[in-house]
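What you see below is based on every heavy atom in this structure, not just the backbone, and it leaves out hydrogens, waters and symmetry mates. For clarity, every value in this text was computed on a predicted model and none was experimentally measured.
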Amino acid sequence: MSLRGKTLFITGASRGIGLAIGLKAARDGANVAVAAKTTAPHPRLEGTIHTAAAAIEAAGGQALALAVDVRDEAQVEAALTATAARFGGVDIVVNNASAIALTGTTATDMKRFDLMHQINARGTYLVSKLAIPHLERAANPHILMLSPPLDMQERWFAPHLAYSMAKFGMSLCVLGLAGELRGRGIAVNALWPRTTIATAAVRNLLGGDALMRASRTPEILADAAHRIFLKPARDFTGRFLIDDTFLAKEGVTEFSSYRVTQGVPLAPDFFVPESSPPPPHALD
């Protein structure tokens with residue numbers, strides 16, 4: 001089974017997790033719309049929509065670089081229309097674009113609050129909403145959010161309320177859309193990492209190189225997403241999946257290759273419920 005000929009629309013795909021998901025699909029021969037804001041090189045952020053598109057094509061896929069701000073309804077609609085026109089439809093939507101600020105309430109200015117909610121919760125809602133007419137015409141349509149399980153614990157909200165609200169807003173879209181679209185055969189699921197993932201956000205905002213060394217690579221999420229997209233959409237929906245737990249259930253037993261640095265203890269990510277322990281030896 002593969003994604004050959006399928007078309008993915010991935011937000012925030014110019015780098016990191018979004019790009020890794022696109023590259024994994026491209027190796028199957030998929031088409032990937034790179035929908036992101038970065039059109040020119042940034043001193044602290046690797047990659048643009050154009051470098052991502054080139055990497056996807058080098059990996060064996062077809063790419064379409066699209067400058068998209070997920071807060072802008074007209075841009076999102078035009079990007080989805082362009083994707084469908086170029087590749088004959090849209091099969092899979094990945095809501096990966098996200099903004100983060102791990103600040104307490106009094107330290108969070110409302111401009112940053114609005115940005116996180118507009119990109120994370122509203123952007124996910126908007127992209128999903130506008131993608132539905134395209135996905136209804138697909139053979140095995142999927143929407144995937146890179147968002148956490150809905151584990152309503154004080155400890156996830158108290159340290160950074162604004163970010164947690166925005167991130168859980170993405171997961172509320174999963175909960176609602178899975179039920180709303182089940183009868184139409186469109187799968188809606190969430191995927192979240194057990195550990196920190198080596199991305200620009202981790203290096204620049206969370207913990208620098210030390211946390212990068214204690215992280216897994218984006219490929220663990222790309223491998224999990226790939227397997228999700230191969231599932232029958234009418235049956236596999238409404239799931240809140242943790243990357244290594246899902247992969248272990250799929251038969252994966254070796255996780256050390258996903259480590260950035262062998263021998264360094266892995267750093268846990270936010271929002272992973274206590275009721276979801278790691279698979280045996282996954283963190284060894």
Note to self: Checking D69 against R71 for the salt bridge (Lys or Arg N to Asp or Glu O under 4.0 Å) test, could you report, in this order, the C-alpha distance in whole Å, the side-chain angles of both residues, the deciding distance, and whether it holds?
What the structure shows: CA-CA 5 Å; D69 184 338; R71 297 172 292 177; 2.9 Å; yes
Heavy-atom pair of closest approach, residues [X] and [Y]:
| X | Y | value |
| --- | --- | --- |
| N96 | T11 | N-OG1, 2.9 Å |
| F271 | P148 | CB-CB, 3.4 Å |
| A233 | N140 | N-OD1, 2.7 Å |
| M170 | M145 | O-CG, 3.8 Å |
| A121 | C173 | O-SG, 4.2 Å |
| V34 | A52 | CG1-CB, 4.0 Å |

Margin query: For H134 together with F9, are the ring centres under 6.0 Å from each other?
Written below: no
Is any side-chain heavy atom of [X] less than 4.5 Å from a side-chain heavy atom of [Y]?
| X | Y | answer |
| --- | --- | --- |
| S215 | I197 | no |
| Q62 | R86 | yes |
| F157 | M152 | yes |
| K231 | R239 | no |
| L266 | R259 | yes |
| N31 | L8 | no |
| L126 | V70 | no |

Joint cluster assignment, [X] & [Y], ILVMFWY side-chain distance < 4.5 Å:
| X | Y | value |
| --- | --- | --- |
| L221 | L3 | yes |
| V90 | L177 | yes |
| L80 | F229 | no |
| L19 | L66 | no |
| V127 | I132 | yes |

Check whether any side-chain N or O of [X] sits under 3.5 Å from a backbone N or O of [Y] as a donor-acceptor pair, and report yes or no.
| X | Y | answer |
| --- | --- | --- |
| T51 | G47 | no |
| K167 | L146 | yes |
| S164 | L161 | no |
| W192 | F270 | yes |

Check: Just by distance, with hydrogens left out, do N120 and S98 show a side-chain donor and acceptor under 3.5 Å apart?
Finding: yes
Checklist line | Chi angles and distances behind the side-chain contact (heavy atoms from CB on, under 4.5 Å) call for V252, R227 | finding: CA-CA 11 Å; V252 176; R227 289 171 182 262; 3.8 Å; yes
Taking atom [atom1] of [X] and atom [atom2] of [Y], what is their separation to the nearest 0.5 Å?
| X | Y | atom1 | atom2 | result |
| --- | --- | --- | --- | --- |
| T195 | I220 | OG1 | CD1 | 6.5 Å |
| I17 | L191 | CD1 | CG | 8.5 Å |
| R216 | R194 | CZ | CZ | 7.5 Å |
| I228 | L144 | CD1 | CG | 5.0 Å |
| R27 | S2 | CZ | OG | 14.0 Å |
| L230 | F236 | CG | CZ | 11.0 Å |

For [X], is the [atom1] atom crowded, meaning more than 12 foreign heavy atoms sit under 6.0 Å from it?
| X | atom1 | value |
| --- | --- | --- |
| E254 | CD | yes |
| F113 | CZ | yes |
| R4 | CZ | no |
| Q262 | CD | yes |
| E46 | CD | no |

Margin query: L181 vs T237, test: side-chain contact (heavy atoms from CB on, under 4.5 Å). Steps then yes/no.
Written below: CA-CA 9 Å; L181 301 178; T237 189; over 6 Å; no
Notebook entry, point to check: What orientation do H160 and Y163 show, parallel under 30°, tilted 30 to 60°, or perpendicular over 60°?
Noted result: perpendicular
Notebook entry, point to check: Between Y258 and D244, does a side chain to side chain donor-acceptor pair (under 3.5 Å) hold up when you go through it step by step?
Noted result: CA-CA 10 Å; Y258 295 120; D244 57 5; over 6 Å; no
